[in-house]
Amino acid sequence: MEIQVVEAYDLAALNEGNRGRSLSDPEVERRVSEVLARMTLAQKVAQLHGSSIQPIEELYLTAGEPSLGVPPSKMVDGPRGARVGVATTFPVAMARGATWDPELERRVGMAIALEAKAYGANVLLAPAVNLLRHPGWGRAQETYGEDPLHVGRMAVGFIAGAQNHLVASVKHFALNSIENTRFEVDVQVDPITLHEVYLPHFRVSVKDAHVGSVMTAYNKVNGSYCAENASLVRDILKGRWGFRGFVESDWIFGTRSTVESALAGLDIEMPHANYYGHKLFEAVERGEVPLTVIDDAVRRVLRVKYAFGLDREEPVAKDVIECAAHAELALEAAHKSMVLLKNEREILPFDPSGLTRVAVVGRLSDLENTGDRGSSAVKSSLVTTVLGGVRDHLPDVQVEHFGSDTLDAGARTRLLAAEVAIVVVGLDYRDEGENIPFIEGGGDRTSLRLSNAQEILVREVARLVPRTVVVLIAGSAIEVRPWLDGVPALLLAWYPGMLGGEAVADVLFGQVCPSGKLPISFARDVRDLPPFDAVSKSVRYDYAHGAWHLDRHEALPEFPFGFGLSYTRFEYSDLTLEKRALDDDVELTVCVRVKNVGGRAGDEVAQLYAGSETARVPRRLCGFGRLSLGPSEQKCLRMRVRGRDLAGYDVVTGDFSLPASRGTLWVGGNSRDLPLFTEYQLEPVE
Ligand code: GLC
């Protein structure tokens, strides 16, 4: 029987309907030139800053020019839903990163953009793609993970989907991975680390997803604030990568100068004119900012507005907001993001038919906990908690709720009668999130552990109820070593969105087979990780973090990058490798057969890693793909690796070069379980 071949990453399919492809449309360019030629300096400068420090009807505006047919832009956050009115709250980006599914992420981007558009927005301030350099980072939940290739492909999916409806704004460019000092910290980074680690996911957002806007970060890089960093913005983003959209600053403290920012390539100061506006006008009048710089900035703004059709927008009916289809999509994303980390004696899934008494334990078990209260927060009409999801799933079972993180004697006695216990622990907006002055909570974490009370609670319940599962709610890694050995099952639910409680119950009671894989590494001990300095005003980012850092230091992770268990099992076989020359590159095509050898349907995320004698890290992700397999079903996954993805940055040429190299390609279900491998040989690409 012919075995189906599945393309792991289909960029053309992801870009279906992406309006960003029109950024190179000559007709758009002609129209831009015609309008630009008719604009006064005042009209040009008015295009280059936000209208007010406060949002207007929850949207951040920039000026239109009705007399010339130039529409305003109307901007709104964010990475987990439209931050306006009520909207569908999706699982946080870190959770969606655990799906390893750019096609799903494309649908999520489309849905969030459509709801934002129904409120009148035409720019979506997402995705956030800063790498998780350390799990303690306050805004970990807003990004997809630690690895540049994985984060880049998830971002491409989101941007391509969202740009079916409006302009996406990939953020925060660049190296924004510390929250408490974000407005001032100066990140020192060498050129190789910058180009091979901290820029690739922005580069593919521009080159592969045709993103319409890039938001600069608050922090400095190598001594210069990002919004006035000519090397990052003018030379790399606009020069080397050929970015054709507009660059906007982050809000308020995101712009630090008038002339320097304009000369560096900052096109729009958000959310209002503090350095631009009349100060920019006067700087042009004084000859400090050439008119050509203003014209290029305005050209970019007009190009995006016309390429994305903001001047001929059809209003979107409000019934798309929190519509059933989007709720189902949020549930699908939650299902596929759940990571089963431990399942001793296969106590999961619980068989509902045999249950009469279930305990649901913990302060978080009945809390509406969809993430932080920063700029990515979303309000939804309905949020199901884990308790609600379990009760809905077990209408005929006595589900007893222990809503505190401490147990009194009576509670301990009652727990003894429970057949299974579901302990919900982890974090909420007070423990991690964006650090916004005057908004409670947020900030970086100083400890990766649970609270003392929660660690005690987990141990106690697991001692009282043999069939105990711990459900972790968080946007990043938790140090589980202090209590893990005493717990038979552990499910990482992240911040699972508005139907997260339902999704957790669906997985625990076997309706859904868990398939999420870690997009970040879980270290056994925080001392195995790179130092995380959330206080100093100057820090250095080294090349390796996450799995690369653990590999280099031969530190055994608690759970490795890419890890996740299932209720079924998969076997890998028949790895093949083909090589072909492209115009300016070389392509390696890897095919691997994956078979579901367990008794039930499930999804598997197969991963491809590369290593060589010249590589800077032992194993680097260079491909992945998700397969849905029925019982005993098998498919071939085809993963294509561009030579450029294996190339190194050459500080002499200032470009990537692929030296003749021999190396190894490994395939398997996670970064430390790679049963198949093959050797590859590459000639230099001139
Ligand atoms: C914030 C965030 C940014 C957000 C912007 C607008 O400070 O850093 O991610 O898009 O302001 O809310």
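All values below were derived from every heavy atom in this structure, side-chain atoms included, with hydrogens, water molecules and symmetry-related copies excluded. If you read the sequence from its start, that first residue is 1, and numbering goes on from there. Atoms within a ligand are numbered from 1 in the order they appear, just like the ligands themselves.
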I need the nearest protein heavy-atom contact for [atom]: residue, atom name and distance, please.
| atom | answer |
| --- | --- |
| atom 7 (O) of ligand 1 | Tyr218 OH, 2.7 Å |
| atom 8 (O) of ligand 1 | Asp250 OD2, 2.7 Å |
| atom 9 (O) of ligand 1 | His172 NE2, 2.7 Å |

Pull out every atom of ligand 1 sitting under 4.0 Å from any heavy atom of [X], numbered as shown with elements.
| X | value |
| --- | --- |
| Ser375 | 2 (C), 3 (C), 4 (C), 9 (O), 12 (O) |
| Asp77 | 4 (C), 6 (C), 10 (O), 12 (O) |
| Met215 | 10 (O) |
| Arg182 | 7 (O), 8 (O) |
| Arg139 | 2 (C), 3 (C), 8 (O), 9 (O) |
| Glu434 | 1 (C), 2 (C), 7 (O), 8 (O) |

- Test of proximity, Lys171 against ligand 1: N or O pairs below 3.5 Å: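 Such a contact does occur with ligand 1.
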
- Does any N or O atom in Tyr60 lie less than 3.5 angstrom from one in ligand 1, N or O only?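 Checking ligand 1 against Tyr60, no N or O pair falls under 3.5 Å apart.
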
- Message: Testing the basics here: between Arg540 and Asp190, what is the closest heavy-atom pair and its distance to 0.1 Å?
- Response: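 For Arg540 and Asp190, the tightest heavy-atom pair comes out as NH1-N, 3.7 Å.
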
- Query: Does Glu479 come within less than 4.0 Å of Arg449, counting only side-chain N to carboxylate O?
  - Reply: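 Between Arg449 and Glu479 there is no salt bridge, as every charged N stays at least 4.0 Å from the carboxylate O atoms.
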
- May I ask you to say whether Asp295 pairs ionically with Lys44, meaning some side-chain N is under 4.0 Å from a carboxylate O?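 Salt bridge: yes.
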
Verify whether one side chain among [X] and [Y] offers a donor that lies under 3.5 Å from an acceptor in the other.
| X | Y | result |
| --- | --- | --- |
| Ser521 | Glu146 | yes |
| Ser261 | Glu269 | no |
| Glu432 | Ser476 | no |

- Item | Candidate list Thr181, Asn176, Asp250, Thr255, test side-chain hydrogen bond (donor to acceptor under 3.5 Å, both in side chains), partner Tyr218, passing option |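 With Tyr218 as partner, side-chain hydrogen bond (donor to acceptor under 3.5 Å, both in side chains) holds for just one option, Asp250.
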
- Query: Does ligand 1 have an atom under 4.0 Å from some heavy atom of Arg83?
  - Reply: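 In this structure, Arg83 qualifies as a contact of ligand 1 - some heavy atom is under 4.0 Å.
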
- Item | Aromatic ring pairing Phe624/Trp100, orientation class (parallel under 30°, perpendicular over 60°, tilted between) |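 Answer is perpendicular, since the angle exceeds 60°.
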
- Under the side-chain hydrogen bond (donor to acceptor under 3.5 Å, both in side chains) rule, what do His210 and Gln163 come out as? Steps first, then yes or no, please. CA-CA 9 Å; His210 316 290; Gln163 296 199 150; over 6 Å; no

- Item | Proximity of Met270 to ligand 1 by residue part, where a heavy atom lies under 4.0 Å |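 It is neither; nothing of Met270 touches ligand 1.
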
